[in-house]
Amino acid sequence: MTHKKTVVIGFVGATLDQGKKDDRWQRWRPTMSLLMHDDLVIDELVLLHDRQHRNLVNFLSEDMAQLSPQTQVTGAKVSVRDPWDFADVYGALYDFVKNYQFDTEKYEYLLHITTGTHVAQICWYLLIEAGYLPAKLIQSSPNENKTAQGQYRIIDLDLSKYDALNQRFENEQNANWQQLKANIATHNAAFNQLIEQVELVATRSSAPILIMGATGAGKSHLAKQIYQLKKEKFHLNGRFVDVNCATLRGDSAMSALFGHVKGAFTGAASARQGLLKSADGGILFLDEIGELGADEQAMLLKALEDKIFFPVGSDKEIQADFQLIAGTNCDLRQEVKAGRFREDLWARLNTWTFFLPALKDRSEDIAPNVQFELQRFANLHQRQLRFNRDALDVYLKFAKSEQATWQGNFRDLTASVTRMATLANGSRINLPDVTQEIERLKQLWKTDATDPALGENALWKNQKLSTDAALLAQLLSNEQLMQIDEFDKIQLLGVIQVCQNSKTMAEAGRQLFAVSREQRSTTNDSDRVKKYLARFGLSWEILHSSN
């Protein structure tokens with residue numbers, strides 16, 4: 001095996017390497033000191049310098065020829081206008097590294113970091129970390145005896161070689177995983193692998209994250225844990241804003257997300273900031289993002305790409321820099337094919353996509369989650385409970401069986417443990433408590449149409465739909481009904497019912513606008529009701545004459 005030669009690269013010490021008097025040989029000079037160690041043989045020394053210090057390099061070369069004649073000294077000029085400007089220094093060093101012919105088969109490279117500004121040292125670190133510079137670090141420093149020789153140490157940035165540091169990082173990474181799992185000792189291999197990937201993404205990327213999974217699978221919970229992890233590691237100063245897009249309907253959806261200016265539309269008595277701006281500097285979680293309308297999807301895409309958007313009714317852009325986490329229980333790929341979801345927005349969201357498995361597919365994780373829910377109940381109600389061993393065995397056997405469909409996933413499990421803990425007498429959940437709960441779950445999960453309770457519910461629902469349809473048909477013409485969206489029909493029915501159950505228009509207005517009226521400087525609820533009904537050709541008198 002051929003012995004590799006050693007090449008040291010570093011800046012010339014503009015201050016400490018200076019000196020022409022004879023006493024310079026007794027004084028510690030960082031670059032010269034590297035050549036004074038019997039156990040460090042340097043075959044080539046590359047000294048980086050600017051135009052001003054070329055003569056210093058020449059003078060040092062003469063001294064080095066006396067001290068270590070076998071060492072080849074080479075000067076390399078780098079153009080740095082401002083040694084304290086990060087971009088300027090990094091650009092100059094990057095150019096040097098890219099143009100230098102490294103040959104790692106013949107040479108071992110050491111980078112001298114004692115000389116040069118702190119900015120230069122940081123840039124060297126970054127270049128090594130990025131793989132542009134195949135070198136270890138060498139650091140020279142004075143010794144206790146203050147001799148010219150000083151001392152040195154070689155630092156390998158491959159931290160995997162440092163057991164203590166490597167173990168520290170592994171422990172930190174494990175702590176991150178546990179935080180994302182809310183310290184639940186999950187055993188499902190697929191889920192734990194997913195959490196490992198989420199941890200890497202959460203700590204290394206600010207790109208949008210898409211979490212797909214059935215309702216109740218834990219999308220919102222995972223999003224909150226990601227926020228907490230990033231907040232602790234990166235000190236986020238923004239909020240976690242949680243929005244269910246299924247609740248954003250009609251004209252109010254745009255205003256809720258992007259805000260509006262005063263007077264933007266009827267009822268906009270004051271400006272509204274909007275949820276995107278509320279998440280500035282933090283995380284915006286849009287659950288059920290597939291429910292967003294086409295216009296909202298288009299504006300969201302612009303906000304993600306440009307970090308700017310226009311509030312409703314405004315011609316002035318608003319800036320908001322947030323990380324988006326989106327959740328959905330539907331397959332957005334199919335929604336794109338069906339034309340219900342924008343393909344460009346899907347592409348923007350699809351950088352990081354994670355599929356959360358359902359609870360029934362994580363049977364080995366039911367036991368630790370039961371204990372987690374029991375402890376959460378104790379913290380909330382200040383009442384510590386435990387399962388009797390036989391009761392827990394029976395519950396877990398059922399929970400992992402084919403009979404347990406867990407249609408609501410973790411929401412079902414949370415509700416189940418809460419019920420048993422609430423109904424238990426004393427500090428123990430006994431077998432009778434578990435037996436009753438199992439029967440309750442079986443009834444909840446029944447889908448047989450012959451079930452009496454379900455039959456009654458279906459009959460009531462059909463009767464209600466027939467009544468609602470008849471009421472609208474009584475008040476509106478067929479032509480009007482054909483021009484009204486299903487959403488507007490549902491909203492109109494609600495308004496009609498409130499009006500018919502109220503004695504005066506003012507009373508109906510107070511109930512219908514209970515929240516927004518508090519934000520208005522002046523209130524005329526009767527006029528708002530009157531204008532809304534007029535949109536459909538209705539009036540207060542017509543509603544009460546038909547009641």
Side-chain angles (χ1 to χ4, degrees), residues 171 173-199 211-226 228-229 329 354-446:
N171 292 341
Q173 188 177 47
N174 182 61
N176 292 342
W177 296 344
Q178 295 303 326
Q179 181 171 347
L180 288 174
K181 297 192 297 182
N183 291 313
I184 303 174
T186 56
H187 304 294
N188 182 269
F191 179 74
N192 284 326
Q193 184 179 13
L194 179 145
I195 290 298
E196 291 180 16
Q197 294 175 351
V198 171
E199 187 270 340
I211 305 175
M212 301 179 70
T215 299
K219 299 186 292 293
S220 179
H221 176 75
L222 180 58
K224 291 175 183 176
Q225 295 302 112
I226 291 174
Q228 290 298 329
L229 175 62
N329 64 359
F354 299 101
F355 297 84
L356 278 185
L359 180 57
K360 63 182 179 61
D361 297 324
R362 293 172 52 191
S363 59
E364 60 268 64
D365 289 343
I366 292 178
N369 274 280
V370 166
Q371 296 302 325
F372 173 79
E373 293 298 343
L374 200 59
Q375 186 58 50
R376 184 156 67 172
F377 178 89
N379 295 339
L380 184 61
H381 298 281
Q382 302 299 307
R383 184 183 172 209
Q384 189 73 50
L385 292 101
R386 294 183 180 179
F387 279 90
N388 277 343
R389 182 70 259 177
D390 58 341
L392 181 60
D393 290 343
V394 170
Y395 184 79
L396 292 179
K397 182 178 179 180
F398 167 77
K400 298 176 183 180
S401 69
E402 293 295 327
Q403 292 178 285
T405 57
W406 296 113
Q407 295 168 12
N409 288 290
F410 287 93
R411 291 176 183 170
D412 279 358
L413 184 64
T414 300
S416 177
V417 174
T418 299
R419 286 191 294 265
M420 288 186 290
T422 301
L423 297 175
N425 292 318
S427 61
R428 291 278 180 173
I429 298 176
N430 297 306
L431 188 56
D433 302 315
V434 166
T435 302
Q436 291 178 9
E437 177 57 24
I438 289 174
E439 290 303 314
R440 187 181 291 108
L441 288 172
K442 288 179 179 179
Q443 290 296 321
L444 288 173
W445 292 333
K446 271 188 178 180

Test side-chain contact (heavy atoms from CB on, under 4.5 Å) applied to Q225 and V198, step by step: CA-CA 11 Å; Q225 295 302 112; V198 171; over 6 Å; no
Dump the intermediate steps for side-chain contact (heavy atoms from CB on, under 4.5 Å) on Q436 and E439, then the final yes or no. CA-CA 5 Å; Q436 291 178 9; E439 290 303 314; 5.9 Å; no
Under 3.5 Å, is there a donor-acceptor pair between the side chain of N409 and the main chain of A358? no
Search all heavy atoms of I429 against all heavy atoms of A424 and return the closest pair with its distance. CG1-CB, 4.0 Å
Rounded to the nearest 0.5 Å, what separates atom NZ in K360 from atom CD in E402? 9.0 Å
Which heavy atom of A223 sits nearest to which heavy atom of I211, and what is that distance? N-CD1, 4.4 Å
Between A399 and A404, the two heavy atoms sitting closest are O-CB, 3.4 Å
I'd like to know if the side chain of D433 and the backbone of N430 have a donor-acceptor N/O pair within less than 3.5 Å. yes
I195 and L222: CA distance, side-chain angles, deciding distance, side-chain contact (heavy atoms from CB on, under 4.5 Å) verdict: CA-CA 9 Å; I195 290 298; L222 180 58; 4.0 Å; yes
If you take all heavy atoms of A378 and Q384, which pair is closest and at what distance? CB-OE1, 3.7 Å
Can you name the nearest heavy-atom pair linking A421 to L374, along with the distance? CB-CD1, 4.3 Å
Value rounded to 0.5 Å, distance of CE in M420 from OG1 in T435: 10.5 Å
R386 side chain to R428 backbone, donor-acceptor under 3.5 Å: no
Quick one: CZ on F354 to CD1 on I226, what's the gap to the nearest 0.5 Å? 7.5 Å
Could you please spell out the steps behind the side-chain contact (heavy atoms from CB on, under 4.5 Å) verdict for L444 and D412? CA-CA 10 Å; L444 288 173; D412 279 358; over 6 Å; no
Using a strict 4.0 Å threshold on nitrogen-to-oxygen distance, state whether K397 and D393 make a salt bridge. no
F398 and S401 have their tightest heavy-atom pair at O-OG, 2.6 Å
Just verifying a value: how many Å separate Y395 OH and D390 CG, rounded to the nearest 0.5 Å? 15.5 Å
List the atom pairs, donor and acceptor, that lie under 3.5 Å between side-chain atoms in residues 186-194 and the rest of the protein, sequence neighbours left out.
| unit_1 | atom_1 | unit_2 | atom_2 | d |
| --- | --- | --- | --- | --- |
| T186 | OG1 | K181 | NZ | 3.2 |
| T186 | OG1 | N192 | OD1 | 2.7 |
| H187 | NE2 | A185 | O | 3.2 |
| N188 | OD1 | A190 | N | 3.2 |
| N188 | OD1 | F191 | N | 2.8 |
| N188 | ND2 | D361 | O | 3.4 |
| N188 | ND2 | E364 | OE2 | 3.3 |
| N192 | OD1 | K181 | NZ | 3.0 |
| N192 | ND2 | T186 | O | 3.1 |
| N192 | ND2 | N188 | O | 3.3 |

Which residues share a salt bridge (Lys or Arg N to Asp or Glu O under 4.0 Å) with D365, sequence neighbours left out: R362
Identify every side-chain donor-acceptor pair in residues 212-221 under 3.5 Å, counting partners at least two apart or on other chains, and give the distances.
| unit_1 | atom_1 | unit_2 | atom_2 | d |
| --- | --- | --- | --- | --- |
| T215 | OG1 | N329 | ND2 | 2.9 |
| K219 | NZ | G213 | O | 3.0 |
| K219 | NZ | A214 | O | 3.1 |
| S220 | OG | D242 | OD2 | 3.2 |

N379 CG: over 12 foreign heavy atoms closer than 6.0 Å: yes
Side-chain heavy-atom pair R376, T414 within 4.5 angstrom cut-off: yes
In this structure, CG of L431 is separated from CG of N388 (nearest 0.5 Å) by 8.5 Å
Geometric class of the W445/W406 ring pair [parallel <30°, tilted 30-60°, perpendicular >60°]: perpendicular
To the nearest 0.5 Å, tell me how far L423 CG sits from T418 OG1. 10.5 Å
R419: partners by salt bridge (Lys or Arg N to Asp or Glu O under 4.0 Å), with sequence neighbours left out: E437
Output all residues satisfying salt bridge (Lys or Arg N to Asp or Glu O under 4.0 Å) with R383, sequence neighbours left out; order by chain, then residue number. none
Would you list the pairs meeting ring pair (Phe, Tyr, Trp, His ring centres under 6.0 Å) in which at least one residue belongs to residues 355-383, sequence neighbours left out? F377-H381
